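Comments concern the structure below.
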Amino acid sequence: MSRGSGAGYDRHITIFSPEGRLYQVEYAFKAVKASGITSIGVRGKDSVCVVTQKKVPVWVIDLFFFANVTHLFSVTNYLGLLATGNTGFLLNSLNLVWYYEFGLVLDYEYMEELADKSQVYTQHAYMRPLGVVAMVLGIDEEMGPQLFKCDPAGHFYGHKATSAGLKEQEAINFLEKKMKNDPKFTYDETVQTAISALQSVLQEDFKATEIEVGVVTNENTVFRVLTTEEIDGHLTAISERD
């Protein structure tokens with residue numbers, strides 16, 4: 001074997017830590033936290049809500065550009081996705097056209113496909129793991145409201161409530177207390193719990209223009225992003241309640 005070909009082979013060796021962790025995947029998880037974004041997802045009895053910060057790098061000064069920045073995406077009319085981390089990884093690496101064409105609702109097969117596409121990037125050193133966590137929400141025809149989270153390692157789980165990003169653990173601690181007795185949240189309670197969790201862990205009182213909120217409900221299974229006026233109404237309800 002020539003020296004040149006040997007050097008090329010060495011670059012493609014997958015590197016593990018002494019504890020058996022895959023370094024590339026560890027870096028991908030750190031990249032999600034380094035985005036500075038925290039996201040929350042909450043599942044109620046008749047709805048699912050995801051909320052995240054509407055945040056862009058400090059060098060972005062174009063107000064038109066800022067107004068169009070989003071972490072929320074419609075995979076189909078009935079399937080929403082919240083990306084935390086580098087959204088470019090997700091959008092460039094996942095082929096979502098098939099789901100647009102067939103209009104699938106949220107089910108196990110979709111999440112398995114999403115997770116497989118993430119996991120394959122962890123198998124070789126020359127393939128960069130996706131530095132993004134995807135929360136997927138929708139209404140299953142049999143199971144009702146569903147909330148899944150898929151991470152850079154290709155794991156995916158269903159959740160009653162979850163978080164991703166910079167303050168993930170703090171948010172999960174907050175949500176565990178809220179969900180301890182398995183409450184059956186109404187739509188308004190679901191949305192306001194998600195927003196309150198984000199406010200609590202970041203210790204901020206947001207303006208309606210500073211967050212994004214996406215929802216699906218049993219009554220309206222189409223995924224939609226709340227307007228500024230709707231978000232402001234929920235923020236007012238939260239402040240009056242507190």
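What you see is a predicted model, and the numbers here were worked out from it, not measured in a lab.
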Side chains of K149 and T162: donor-acceptor distance under 3.5 Å anywhere?
yes

List the steps and the verdict of side chain to side chain contact (heavy atoms under 4.5 Å, CB included) for K45 and T186.
CA-CA 6 Å; K45 66 178 181 180; T186 63; 4.0 Å; yes

Would you say that V222 contacts V216 through its side chain, given a criterion of any heavy-atom pair below 4.5 Å between the two side chains?
no

Between L82 and V51, which heavy-atom pair has the shortest distance, and what is it?
CD2-O, 4.1 Å

Among the clusters formed by ILVMFWY side chains lying less than 4.5 Å apart, do I231 and V50 turn up in the same one?
no

Which heavy-atom pair separates K54 from T209 by the least distance, and what is that distance?
CD-O, 3.5 Å

Taking E176 for the side chain and N173 for the main chain, is one N or O donor matched with an acceptor at less than 3.5 Å?
no

R241 and Q192, any side-chain heavy atoms less than 4.5 Å apart:
yes

Given side chains that start at C-beta, do those of V48 and V215 come closer than 4.5 Å, heavy atoms only?
no

Considering all heavy atoms, the nearest D140-Q146 contact:
CB-CG, 3.8 Å

Can you tell me if K160 uses its side chain to pair, donor with acceptor, with the backbone of R43 under 3.5 Å?
no

Locate the shortest heavy-atom distance separating P183 from K178; write the atom from each residue and the value.
CG-O, 3.4 Å

For G165 against T84, the heavy-atom pair lying closest together
CA-CG2, 3.9 Å

How long is the span from the CD atom in Q53 to the CD1 atom in I211, to the nearest 0.5 Å?
9.5 Å

Could you verify whether a donor N or O on one side chain and an acceptor N or O on the other, from S74 and R224, lie under 3.5 Å apart?
no

Can you tell me how far apart CD1 (I195) and NE2 (H234) are? Round to the nearest 0.5 Å.
6.0 Å

Check for me, please, whether I172 and L198 land in the same ILVMFWY cluster - side-chain distances under 4.5 Å, paths through other members count.
no

Taking atom types as modelled and ignoring hydrogens, do the side chains of T70 and E212 form a donor-acceptor contact shorter than 3.5 angstrom?
yes

With a 3.5 Å distance limit and no angle check, can you tell me whether S239 reaches the backbone of T236 through a side-chain donor-acceptor pair?
yes

For T52 and S39, which I'm curious about, is there any donor-acceptor pair between the side chains at under 3.5 Å?
yes

Same cluster (ILVMFWY, side-chain, under 4.5 Å), M135 and F174:
no

Under a 4.5 Å cut-off applied to non-hydrogen side-chain atoms, are L202 and K167 in contact?
yes

Less than 4.5 Å apart, any side-chain heavy atom of F223 and any of L79?
no

Presence of salt bridge, D182 and K184, under 4.0 angstrom
yes

Exercise: do E230 and T227 side chains pair donor with acceptor under 3.5 Å
yes

Just so I know, are the side chains of T217 and I139 near enough to count as touching, which here means a heavy-atom distance under 4.5 Å?
no

To the nearest 0.5 angstrom, please state how far the NE2 atom of H159 sits from the CG atom of L175.
11.0 Å

Please check if V42 and F206 belong to a single hydrophobic cluster, counting links between Ile, Leu, Val, Met, Phe, Trp and Tyr side chain heavy atoms closer than 4.5 Å.
yes

To the nearest 0.5 Å, tell me how far L137 CG sits from Y78 OH.
14.5 Å

For L81 versus V136, what's the shortest heavy-atom pair and its separation?
CD1-CG2, 4.1 Å

With rounding to the nearest 0.5 angstrom, report the CG to SG distance, D188 to C49.
10.5 Å

Backbone N/O of S196 and side chain of S200: donor-acceptor pair under 3.5 Å
no

Within the structure provided, determine whether V191 and L226 are in side-chain contact (heavy-atom separation under 4.5 Å).
yes

Y187 and L72: same hydrophobic cluster, using ILVMFWY side-chain contacts below 4.5 Å?
no

